[in-house]
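Below is one structure, written out as structure tokens; comments come after it.
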Amino acid sequence: MDASTEELLIVTIARLLHGCRHVAVGALSPIPGSAALLARRQSGGRMRVSVLGSRQWSPWSNGGVELFDCAGQGRMDAFFLSGGQIDGQANVNLVGVGDYPTQQVRWSGSFGSAYLYFVVPKVILFREEHSRRTLVEKVDFISAPGSSPANVYRPGGPYALITSRCLFHFDKHRARFRLTSVHPGHEVAEVRDNTGFDFDLPEAVPVTAEPDPGTLALLRGEIAGQVADPYPQFAERLFGVPAAGRAAAP
Amino acid sequence: MDASTEELLIVTIARLLHGCRHVAVGALSPIPGSAALLARRQSGGRMRVSVLGSRQWSPWSNGGVELFDCAGQGRMDAFFLSGGQIDGQANVNLVGVGDYPTQQVRWSGSFGSAYLYFVVPKVILFREEHSRRTLVEKVDFISAPGSSPANVYRPGGPYALITSRCLFHFDKHRARFRLTSVHPGHEVAEVRDNTGFDFDLPEAVPVTAEPDPGTLALLRGEIAGQVADPYPQFAERLFGVPAAGRAAAP
Amino acid sequence: MDAALIAGSVQELVAAIPDGALLCVPRDGSGVAMAATRALLRGGVGNLHLLAVPSSGIQADLLIGAGRVAVVEAAGITLGEYGLAPAFNRAVRGARVRLLDATCPAIHASLQAAEKGLPFMPLRGLIGSDLVRHRPDWRQIDNPFGQDDPIVLLPACRPDISLFHAALADRQGNVWVGRDRECMTMAHAAKTTLVTVEEIVEFDLMADARYAPGTLPGLYVERIAVASRGAWPLGLTDRYPPDGEHLRLYARAAASEEGFARYLEEQVHGRRAAAE
Amino acid sequence: MDAALIAGSVQELVAAIPDGALLCVPRDGSGVAMAATRALLRGGVGNLHLLAVPSSGIQADLLIGAGRVAVVEAAGITLGEYGLAPAFNRAVRGARVRLLDATCPAIHASLQAAEKGLPFMPLRGLIGSDLVRHRPDWRQIDNPFGQDDPIVLLPACRPDISLFHAALADRQGNVWVGRDRECMTMAHAAKTTLVTVEEIVEFDLMADARYAPGTLPGLYVERIAVASRGAWPLGLTDRYPPDGEHLRLYARAAASEEGFARYLEEQVHGRRAAAE
């Protein structure tokens with residue numbers, strides 16, 4: 001296989017972003033970020049990409065609230081969420097493991113998830129580690145719920161879940177995941193063994209399409225250079241783009 | 001009498017502002033504005049004065065909403081309102097005369113009155129024309145009410161009403177004006193004849209104190225120069241301060 | 001960035017404003033697009049719902065006098081030191097416009113609700129004002145965090161078009177509004193934002209630490225046209241003062257129907273049309 | 001202007017922060033007053049209610065690890081690319097802090113309610129999140145403009161103290177926060193605002209068209225102290241990047257109680273105290 005796992009994930013996510021006008025990505029999300037930059041290039045530059053916390057890729061001038069206002073206005077088509085735990089109803093947990101509040105494993109906190117998951121139409125869940133530890137039957141704490149009663153205002157929600165093993169899409173009506181494809185070298189049985197929740201699947205599960213040589217060349221060339229601004233360490237490790245020196249002293 | 005009517009009004013209003021930390025004035029209110037600048041000087045510079053629309057005296061950097069936010073935060077101790085009509089309950093009308101909406105006399109509109117009258121502790125009503133046309137029994141349209149039921153959130157409200165003839169204070173509990181003093185050369189009977197509403201008064205009504213020579217000199221000297229920035233035409237007319245040239249062409 | 005971002009002319013820019021639009025404009029001196037307003041008057045648009053943030057002067061008076069406005073939503077319509085707005089006042093007397101009288105912070109709050117994707121925003125004050133009696137779209141509730149504490153809720157207002165004038169834009173569509181921050185709120189809240197600017201700069205406004213804080217990101221801007229002295233006869237913050245002589249001339253002319261018609265002919269159509 | 005506006009030292013500035021204060025601080029990189037935080041740790045203040053807008057890193061971790069914080073209100077506490085916040089996580093496991101877990105826009109909304117003198121602000125989303133279950137101070141109502149449309153209301157939050165670091169201040173107390181506009185909201189909402197700055201400039205920031213849009217007016221600022229590189233080891237927008245090496249050093253040290261104590265001794269007390 002020519003493409004690395006990271007490259008496969010980037011190209012697969014880029015495909016999910018097709019048609020979006022504006023995609024926002026977190027500062028610590030190099031794979032989704034690279035996917036967004038690739039998708040932007042594939043759109044002929046029409047797609048806007050915002051990388052939170054990046055100077056060059058951050059279009060905000062109204063403080064930290066603007067990202068959320070912008071999403072609330074319907075100006076953000078896609079966003080990425082992860083989770084220490086994600087369950088079969090697409091509930092995400094960014095808070096911790098065990099009984100809240102005195103949790104023995106405590107993560108950062110919910111950040112914007114309890115809002116953005118409701119208002120961004122295409123929320124893509126991305127979690128590389130695909131295990132029964134991360135993909136659980138029921139999360140210990142719902143930072144943001146995967147679905148809502150019909151009367152709750154919710155133009156947004158989960159669209160897909162991508163891991164190092166496979167790609168799921170979320171079925172809003174059934175409030176369940178459906179396996180879309182397994183990545184090259186992985187098996188449906190293996191996915192089932194490593195997933196803590198039950199999911200739907202077609203009779204024959206396709207293999208995730210590998211990047212074509214043109215896309216791979218684009219990614220490794222032009223896009224790798226763009227990725228180096230918000231994600232210098234990632235660009236250096238994955239594409240060998242030399243990181244610019246960064247020094248600071250008090 | 002040494003002081004002009006305008007100067008008497010300025011000095012009398014300045015007295016009402018004593019103890020305020022922050023006073024805001026409209027761009028088209030030269031007499032209250034001059035009074036605020038005089039009061040600021042008398043406070044040793046501790047009082048802040050904001051003149052809406054003035055560059056030099058305008059402390060805002062968050063757009064037009066900041067004035068109202070600032071008042072809502074309790075950071076504005078005094079403000080001035082006028083009215084095409086003011087009635088005996090201190091209701092003000094900035095909208096027009098006759099049946100709304102098809103009024104035969106239409107004024108500008110209510111501007112911020114329906115908010116600031118509620119949240120600024122010391123609202124000073126200023127209307128030079130003291131007649132039964134301006135001081136009416138009942139306003140035709142309540143832009144902002146002079147008093148509110150006890151359960152309505154209202155840290156602010158009317159404090160005094162000053163005209164070319166006299167000074168009233170507003171009694172919140174009785175929701176009525178009480179005559180404080182008549183200006184030199186004016187009579188209580190004349191005030192009554194020219195006022196459309198009933199008001200309270202003490203047994204002996206004092207004469208409004210005339211400016212002392214020191215205050216008058218301060219006003220005509222140092223303060224006149226400051227007044228010229230936000231109110232150039234007024235400063236030229238009243239104090240003989242030459243207006244800076246203002247030219248503009250398309 | 002869209003090649004069509006920068007329109008060839010102000011006339012082309014305002015062609016995007018449809019009949020019946022909810023058109024949102026700033027107060028005098030804070031970026032009123034007067035050149036675009038004249039272009040609008042030279043076109044055929046009508047039946048506008050004009051929302052002033054929070055007040056308007058000659059811009060509203062011209063549009064109303066020319067019969068282009070069905071609804072006026074404002075906290076004030078006035079020529080300021082040049083007097084009341086004559087065409088507006090005639091239209092009120094003649095019942096030729098529907099009035100949505102408001103108070104300044106209510107207009108800001110309604111736009112901020114739209115800016116935040118909220119259905120409403122609360123606002124203190126208001127209770128007992130006749131404004132509330134004539135605004136059935138405003139609701140009063142009992143503050144759930146208080147006890148017997150009435151408070152007014154204002155519905156979100158999402159303009160079809162926000163139209164204003166600013167000093168600078170760049171080729172990415174970023175617009176420097178400087179201190180006139182209500183223009184930023186207007187753009188965040190609107191479906192479409194059209195901007196005229198004094199000039200296009202050849203650097204990225206968002207990349208400059210000094211310009212960025214006063215810059216509306218291109219994300220919110222549909223289209224831009226250059227209009228040198230585009231706020232005239234009004235002023236533009238930190239660029240030029242209003243033309244008091246012209247505003248006085250307007251106030252005198254607009255005092256009569258005939259004078260207003262003559263002003264339109266001379267200052268909007270006629271030779272002015274050729275010059276702009 | 002008050003002669004005491006500019007404090008003689010950072011230590012003197014933070015002396016105004018009382019025990020038990022609701023202390024409001026910005027997110028990493030947007031003006032975190034780290035020099036002032038070290039000064040705070042050298043003083044005796046404790047029992048703080050720390051409100052992060054909307055998240056915090058080493059600043060919160062230091063204050064929590066040193067036992068100065070009773071309540072943590074935040075959307076996230078993390079060292080970002082340097083990992084989870086070790087002292088915070090230990091305090092959670094040991095039940096030594098009360099948690100008010102929130103989501104970013106809820107924190108912004110609560111501050112904006114205080115900025116507007118409102119009792120509450122509505123916010124979409126939230127419903128069905130366990131955050132709501134653990135925040136009895138949040139209320140759900142039926143949107144009066146909708147039908148069977150639940151929406152959450154967040155109570156206003158008025159900090160006792162907002163504390164942040166900025167690039168510039170002038171002698172009138174105006175502070176240039178540039179793009180870090182949440183610092184402006186924090187100051188509008190707070191009872192008292194304390195600011196450290198890189199430098200004092202000798203011109204009026206509000207009088208300069210380019211600086212004014214990013215300037216917090218002195219009206220909202222209680223006191224200022226100069227702290228050169230006052231955000232270190234974090235970065236300051238448009239001035240300097242974070243010191244990654246030091247943050248990595250902190251993350252490693254704070255992984256154990258002993259390492260944290262040693263870090264405090266070396267980097268807050270000891271020779272650092274003399275240098276700052």
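For clarity, every value in this text was computed on a predicted model and none was experimentally measured. Quick note on labels: first sequence line is chain A, next is B, and so on, each numbered from 1.
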Next item on the list: Pick one of side chain, backbone, both or neither for D:R27, based on which atoms fall under 4.5 Å of a heavy atom in chain A.
Entry: side chain

Margin query: With heavy-atom distances below 4.5 Å as the criterion, would you say the side chains of A:S143 and D:L131 are in contact?
Written below: no

Notebook entry, point to check: Using non-hydrogen atoms only, which part of D:L84 is less than 4.5 Å away from chain A: side chain, backbone, both, or neither?
Noted result: side chain

Next item on the list: Would you indicate whether the side-chain heavy atoms of D:R181 and A:E66 approach each other to under 4.5 Å?
Entry: no

Checklist line | Heavy-atom pair of closest approach, residues A:V152 and D:P150 | finding: CG2-CG, 4.1 Å

Note to self: Tell me whether A:T102 contacts the main-chain N or O of D:R93 through its side chain, where contact means a donor paired with an acceptor under 3.5 Å.
What the structure shows: no

Check: With a 4.5 angstrom heavy-atom cut-off, which part of A:S110 approaches chain D: side chain, backbone, both or neither?
Finding: both

Check: Is atom CG of A:D99 surrounded by more than 12 heavy atoms (other residues, nucleotides or ligands) closer than 6.0 Å?
Finding: no

Check: Are any non-hydrogen side-chain atoms of D:N143 and A:Y153 less than 4.5 angstrom apart?
Finding: no

Check: Is there a side-chain contact between A:P101 and D:V92 (heavy atoms, below 4.5 Å)?
Finding: no

Checklist line | Contact class of D:H134 relative to chain A, heavy atoms under 4.5 angstrom | finding: side chain

Next item on the list: Measure D:Q112 against the heavy atoms of chain A and call it side chain, backbone, both or neither at under 4.5 Å.
Entry: side chain

Note to self: I'd like to verify something: which residue of D:T78, D:L126, D:L111 has the highest number of heavy-atom pairs under 4.5 Å with chain A?
What the structure shows: D:L126

Next item on the list: Just give me the residue among A:G64, A:G112, A:A27, A:G109 that pairs up with chain D most often, heavy atom to heavy atom, under 4.5 Å.
Entry: A:G64

Margin query: How long is the straight-line distance from CG of A:D140 back to CG of D:D130, given to the nearest 0.5 Å?
Written below: 10.0 Å

Check: Would you say A:E137 has more than 12 foreign heavy atoms packed within less than 6.0 Å of its CD?
Finding: no

Notebook entry, point to check: Got a second to check how far A:R106's CZ is from D:R90's CZ, nearest 0.5 Å?
Noted result: 15.0 Å

Note to self: Please identify, among D:P213, D:G128, D:G230, D:G94, the residue contributing the most non-hydrogen atom pairs under 4.5 Å to chain A.
What the structure shows: D:G128

Item checked: Neighbour count >12 (heavy atoms, 6.0 Å) for atom CD, A:Q104 -> yes

Next item on the list: Evaluate the criterion side chain to side chain contact (heavy atoms under 4.5 Å, CB included) for residue pair D:L123 and A:F68; output intermediate values, then yes/no.
Entry: CA-CA 11 Å; D:L123 185 68; A:F68 304 101; over 6 Å; no

Note to self: Is A:W107 close to chain D through its backbone or its side chain, or both, or neither, when contacts mean heavy atoms under 4.5 Å?
What the structure shows: both

Margin query: Using a 4.5 Å heavy-atom cutoff, which residues in residues 95-107 of chain D come close to chain A?
Written below: D:A95, D:L99, D:D101, D:A102, D:T103, D:C104, D:P105

Notebook entry, point to check: Rounded to the nearest 0.5 Å, how far apart are CZ of D:R124 and CG of A:L116?
Noted result: 15.0 Å

Checklist line | Nearest heavy-atom neighbours spanning A:S108 and D:F88 | finding: O-CE2, 4.5 Å

Note to self: Please classify the contact of D:D180 with chain A as side chain, backbone, both or neither, using a heavy-atom distance under 4.5 Å.
What the structure shows: neither

